[in-house]
Amino acid sequence: NLTSRITTVFTSLKRKGYLSEKDVDNAIRDIRRALLQADVNFQVVKEFCQNIKQQAVGERVYKSLRPGDVVVKIVHDQLVELLGQEYSPLKLSGMPPVIMLVGLQGSGKTTTAAKLANSLTKQNYKPLLSACDNRRPAASEQLEILAQKNQIDFNPVDPLSALKSAEKAVEIARKKYLNPVILDTAGRLHIEHQLMEELKDIKSKLNPSDILLVVDAMTGQDAVNLAESFNKELGLTGIILTKLDGDTRGGAALSIRQVTGVPIKYVGTGEKIDDLMQFYPKRMASRILG
Amino acid sequence: SRSTDKISQEQLEELEEILLLADLGPDLTDYLISEIKNENPQDGLTKLQQQLTDILKVDAAEDVLIPTSDKPKVILIAGVNGTGKTTSAAKIAYLLTEQDNKVMLAAADTFRAAGIEQLENWAKKYDFDLIKGQYGGDAAAVVHDSYDAAHSRNVDYLIIDTAGRLHTKKNLMNEFNKIQKVLNNKNCHRCHNLLVLDATVGLNGLQQVQIFNQYIPVHGLIVTKLDGTAKGGCVFPVVHQMRIPVQFIGVGEGIEDFQFFDPEKFVRGLFN
Ligand SMILES: Nc1nc2c(ncn2[C@@H]2O[C@H](COP(=O)(O)OP(=O)(O)OP(=O)(O)O)[C@@H](O)[C@H]2O)c(=O)[nH]1
Ligand SMILES: Nc1nc2c(ncn2[C@@H]2O[C@H](COP(=O)(O)OP(=O)(O)OP(=O)(O)O)[C@@H](O)[C@H]2O)c(=O)[nH]1
Ligand SMILES: [Mg+2]
Ligand SMILES: [Mg+2]
C-alpha cells in the first residue's frame, strides 16, 4: 500500500535532517499513482500533489523520525482536512422539513431514502417516504415494500407527475404531523436538461432544507462532472456515498468534496435498513490511501 | 505535410489527461503514452488509437447469438448493485425477439424489494414470457423452474436476471455455484454469462470482473449508461488484462437503447 511504499522510498535515502525537493518528488510519484488508482479526479490529484510538495519540501526530519513517516503524515492529514473535519447534521427546517434525494441512475437513492427514514425514526422523528419516481418500472413499489417492512409512513407516486407526487406528500405530512418528508426522485443524467428542470421545479415549489446527492462510491473520474452539474443546478446541501461495503477505494469522495465543497454526510454500507453511517473523514482518508 | 518532429511533452500530457479522465488508470495510461513518445504527433495519435482498438478486439468465446439447434440457450446477467442488469435483461429479450427468436425471462432476483415486479413490468409491456419465484425464495430454484419451462415451451433463449451483489460478499457470490450446478444438471451446453459494468465505474471495475470470473466464467461484458458523460474507459484495463470482450452497450433507459459493441466507435468516443 501507499504508506509502506513511501516509507521504502525514504529508507534507501541517506538521513539529512530535512526533506529535499528530490526526496519529495520521488514520494510524489507514488502518491500520484496511488490517488489515481483510488479513482481520485485527475485535476484534484494534480493540485493535491502540488500542495503536498509545498508542505513537505524543507520539512525538518528529526533523528527520531523517519522521513517517509513525515510525508505519510502530511498526506494523511491533508486528506482528512480536505474531506471535511466535523460532522454537519441535516438542516431539517420547514413545516414540514423536506429532504430531497437526487443522483444518477442506480446510485442507491431509493434504498438510502428508506435507510434515512429508519435512522430518523430512531431519533424520534416521524418521517414520510414520498415516492417521486414515475419513470422506473416498480420504483414506487420498491419504496413501498421498504416502508412497509420498517413501519414507515409512505406516499405512492403519482404516475403522471413527480412534482404532484411531492406536493401531495407534503400536504399529507402537514395533515398528519409527519416530519420530515423524504423525496425519492428518479435517477437521471445531469446532462438531461428536462429532467434537471423537473428537480429545479420541485425545489422551487417545496423548498427542501436538505438536497442530498446520492453517489455510488465506485464512481471514477466522472464523479466531478456529475457533482458539479447537480450542485450548479440545485445547490446541494450534502452528499451520501453508497456501497462503501465493497472494496472500492472511494476517491470520488475526495474529488466531489474538493470540487464542490459540499459536505459528505452519510455513507451506505450495505443493503439492509440499518446500513447507513455517519461519514468519518479519518476512515475515508485511510481507505483512499489504501 | 508530415512533421518529423517528435510529439511534444505538452501534447503527450494532453493525451495522458484524456486517458486518465476516461478511467484508463495510471498504469495502462503510462504504458500507452510511453509507446508513442518517440512518434511524431500525427503518427502518435494514430498509433495510440490503434493500440486502444487492438486492446478491445477480443473474439467472444462463442457467439451466443449465432442460432444453433441447442434449446434453450441461456444468458445469465450478473453484476454489482445498480449497474443496469434488470433493464439490460429486458433489452436483450427485446433485441432477440426482434430477430424472431422465442425468448423467456427468469426473474431470479428474489432478494431485492420489487426486483421481480420490475422485470415483470417490462415483460408485461413487451409480452415476454416470464418465470418468477417467491420474493425471498431460492434463486437457484427459479433458474431450475425457468429452464424446465423454457425447454418444454421450445424457447430459443432463456435470459436470467440475477440480484445485484458486491463481489466482496462471499455468501452472495457462492449463490452462483448453486445456479451453475442447476444448469450443469440440466446439461445446459449454451450458458453464456454476461457481466454488467456501469460506465461510471472507476478502476474497481477490474476488481469486479476478476472476482466474478472466479465464481462463474464471464463470457462477455455489457457496459451501461454510456449515454452519460462517463467514457467507460475502465474497460480498457479490464479487457487488456482479462481478454473478455465487451459485447453490448446500454445507451439509455428505453428498451431499444441497446447496441452491439463497436470497438472503433468506442475509441473515437474517447477523443470526442
Ligand atoms: N451493497 C450495497 N448495496 C447498496 C447500497 N445502497 C444501495 N444498494 C443497492 O444498490 C442497488 C440500487 O439501489 P436503488 O436504491 O434501487 O438505487 P436508485 O438510485 O434508487 O436507482 P434508480 O432509482 O434507478 O436511479 C440496489 O440493489 C440496492 O440494494 C449500499 O450501501 N451497499
Ligand atoms: N441512462 C441510462 N440508464 C440506465 C441504463 N441502463 C440501466 N439504466 C438505469 O439504471 C437504473 C438501474 O437499473 P437496473 O436495471 O435496476 O439495475 P440492476 O443492476 O438490475 O440493479 P440491482 O438489481 O438493484 O442490482 C435504472 O434507473 C435504469 O433505468 C443505460 O444504459 N442508460
Ligand atoms: Mg430509485
Ligand atoms: Mg436488478
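Quantities reported herein were computed from a predicted structural model and do not represent experimental measurements.
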Among Ile145(A), Asp216(A), Leu143(A), Thr242(A), the residue with the most heavy-atom pairs under 4.5 Å to chain B is Ile145(A)
Measure across Thr229(B) and Ile191(A) and return the closest heavy-atom pair with its distance rounded to 0.1 Å. CG2-CG2, 3.6 Å
Would you sort out whether Gln105(A) and Asp198(B) count as a side chain to side chain donor-acceptor pair (under 3.5 Å), showing the intermediate values? CA-CA 10 Å; Gln105(A) 290 90 347; Asp198(B) 191 318; over 6 Å; no
Between Lys169(B) and chain A, with a heavy-atom cut-off of 4.5 Å, which part of the residue counts as in contact: side chain, backbone, both or neither? side chain
Evaluate the side-chain proximity of Thr111(A) to Arg112(B): yes if any heavy-atom separation is below 4.5 Å, no if none is. no
Heavy-atom proximity to chain B below 4.5 Å, by part of Arg32(A): side chain
Which heavy atom of Leu166(B) sits nearest a heavy atom of Lys243(A), and at what distance? CD1-O, 4.4 Å
Proximal component of Asp245(A), with respect to chain B [non-hydrogen, under 4.5 Å]: both
Among Ala139(A), Ala138(A), Gly108(A), Gly187(A), residue most engaged with chain B (heavy-atom pairs, under 4.5 Å): Ala138(A)
Test side chain to side chain contact (heavy atoms under 4.5 Å, CB included) applied to Leu203(B) and Arg249(A), step by step: CA-CA 9 Å; Leu203(B) 295 174; Arg249(A) 301 263 291 281; over 6 Å; no
Between Gly220(A) and Asp23(B), the two heavy atoms sitting closest are CA-OD1, 3.5 Å
Tell me whether Glu13(B) is salt-bridged to Lys46(A), with the criterion being a basic N under 4.0 Å from an acidic carboxylate O. no
Which region of Glu117(B), side chain (C-beta onward) or backbone (N, CA, C, O), has a non-hydrogen atom less than 4.5 Å from a non-hydrogen atom of chain A, or is it both or neither? both
Should we count NZ of Lys132(B) as having more than 12 external heavy atoms under 6.0 Å? no
Portion of Leu36(A) that has a non-hydrogen atom of chain B nearer than 4.5 angstrom: both
Minimal heavy-atom distance between Ala230(B) and Asp222(A), with the atoms involved, is N-OD1, 3.5 Å
Counting heavy-atom pairs closer than 4.5 Å to chain B, which one of Thr219(A), Asp247(A), Val45(A) comes out on top? Asp247(A)
Interatomic spacing from CG in Leu19(B) to CD in Gln221(A) - rounded to 0.5 Å: 11.5 Å
Candidates Arg136(A), Gln142(A), Glu141(A) - the one meeting side-chain hydrogen bond (donor to acceptor under 3.5 Å, both in side chains) with Gln118(B): Arg136(A)
Among Pro137(A), Ala114(A), Gly106(A), Ala217(A), which residue has the highest count of heavy-atom pairs closer than 4.5 Å to chain B? Pro137(A)
With a 4.5 angstrom heavy-atom cut-off, which part of Leu104(A) approaches chain B: side chain, backbone, both or neither? side chain
Which atoms of Gln208(B) are under 4.5 Å from chain A, going by heavy atoms: the side chain, the backbone, both sets, or neither? side chain
Cut-off 4.5 Å, heavy atoms of chain A, and the answer for Asp27(B) is side chain
Does any backbone or side-chain atom of Asn225(A) lie under 4.5 Å from a heavy atom of chain B? Answer side chain, backbone, both or neither. side chain
